[in-house]
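Inspection log for the structure reproduced underneath, given as C-alpha cells.
Both ligands and their constituent atoms are indexed starting at 1 by order of listing.
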Amino acid sequence: MELQRYDGNPILTARDFPRPVNSVFNAGAAKHGDAYILLNRVQRLDGTSCLWVARSQDGCHFTPDAEPAMVPSTEEPFATYEQYGIEDPRITKIDDTYYISYVCYLSFGCRVGLALTRNFQTFERVGLISLPDNKDVVLFPDKIGGRYARLDRPMTVISGRRDVWISYSPDLLHWGDARVVIAPRPGRWDSEKIGAGAPPIRMDEGWLLIYHGVHGTASGKIYRLGAALLDLDDPSKVVGRANEAILYPVTPEDYLGDVGTVVFTGGAILEGDGKLGIYYGAADQVMCLATASVDDLIALCLKDTDA
Ligand code: BMA
C-alpha cells in the first residue's frame, strides 16, 4: 500500500514566504476551529531554523503568516540550547491547549523543548524536556493510567542505537519510567534508525503511529514512512506494525532538495470521513501532502504483526 500523493504537491515552498528563506519542511499539523495549521520548520538563509505558521481553510492551500511564530530564544534557559536553531515541531492538543515539542539544536547535541499555544497567535515556552541527544518527541493526546505519555528517540553513543522509547510524566516537565517500544528491523527499509512522526492517533484498535525509518545505501540514507499500532492501555506494547513502507521517495520533490531521498513527517490530520492527511517534508526542501484511509492503515498494521 502506498499513500496517495496530493496532485498539487508541493503545498509550500520557500518562495511562498514573505521574505527570502532557504527551505520549508517537517511541519507539525493541527486543526484549530475550521482552520488547518501547519507549524513549519523554516530554514533561514543563515542555515538556522525557526518555526513558522501557515494557515489553510481546505488543508491543501496554505498561506504563511507575515512573521515566524517562534525563533531561537534569546532568553535563558532556552537561549543556550537553541543557538543553532529550532526544528521539526510536533503539535498535540491536550484539553484546550496545543503543546509543541520541538528539537533544540546546539553545540552540546540536540535536545527537546516544549512550548504551548491556545490560539496559534501567541506562543509560550514551557521547558526543556530531555537530556541531549534526544529528538522526535511526540506527546500522546490523552493521559495513560493518569500520567502524560510521550514517545522519544534517544541516540545512544556506546551501542549506537536509534529506537523509539516511551516515558511518562505527572506534569509534562519531568519524565521517567522509560521503556523501549519499537526498534529498527535489520535488513529492512527501517533498518538503521527510526523515530516517531505524527503524534499518536487514538483509534478503537490502538494508537496509530506514523513513523520514519532510515536505511543506509552506497549513495546515502533513504528516509521512508511506516505505520504501527500501539496498545491503547499500554502503548509500550506493539499491537501491529506494517512490514512495508507506506511512503518512500519517488517524485522529483523527494529527490531534488538539500537532502534528497527523504520523506519525513511531523503531523497528520484525521478527517471525519476516515481520511488521514499526512503532511511531510520532501528532501528537506518543501512541504507535501499525502492521504490514506485510516482503516486501510490499521488493516495493514494488523496484517503484519512482525514488530
Ligand atoms: C533527521 C532530521 C530531520 C531531517 C532528516 C533528513 O535527522 O534532522 O530534520 O529531515 O534528518 O535530513
Lys/Arg cation over aromatic Tyr99: Lys93, 6.0 Å, 45° cone | no

Shell of residues surrounding ligand 1, defined by a 4.0 angstrom heavy-atom cut-off that is strict = Asn26, Arg41, Asp88, Lys135, Tyr223, Val259, Val262, Phe264, Asp284

Does the side chain of Ser293 pick up a donor-acceptor pair with the side chain of Asp295 at under 3.5 Å?
-> no

Who passes salt bridge (charged side-chain N to carboxylate O under 4.0 Å, His left out) against Glu192, sequence neighbours left out?
-> Lys221

Which word best sums up how the rings of Tyr84 and Tyr105 line up, parallel for under 30°, tilted for 30 to 60°, or perpendicular for over 60°?
-> perpendicular

Indicate yes or no: at least one non-hydrogen side-chain atom of Leu230 is less than 4.5 angstrom from one of Ile166.
-> no

Relative to each other, are the rings of Phe17 and Trp52 parallel, tilted or perpendicular (30° and 60° limits)?
-> perpendicular

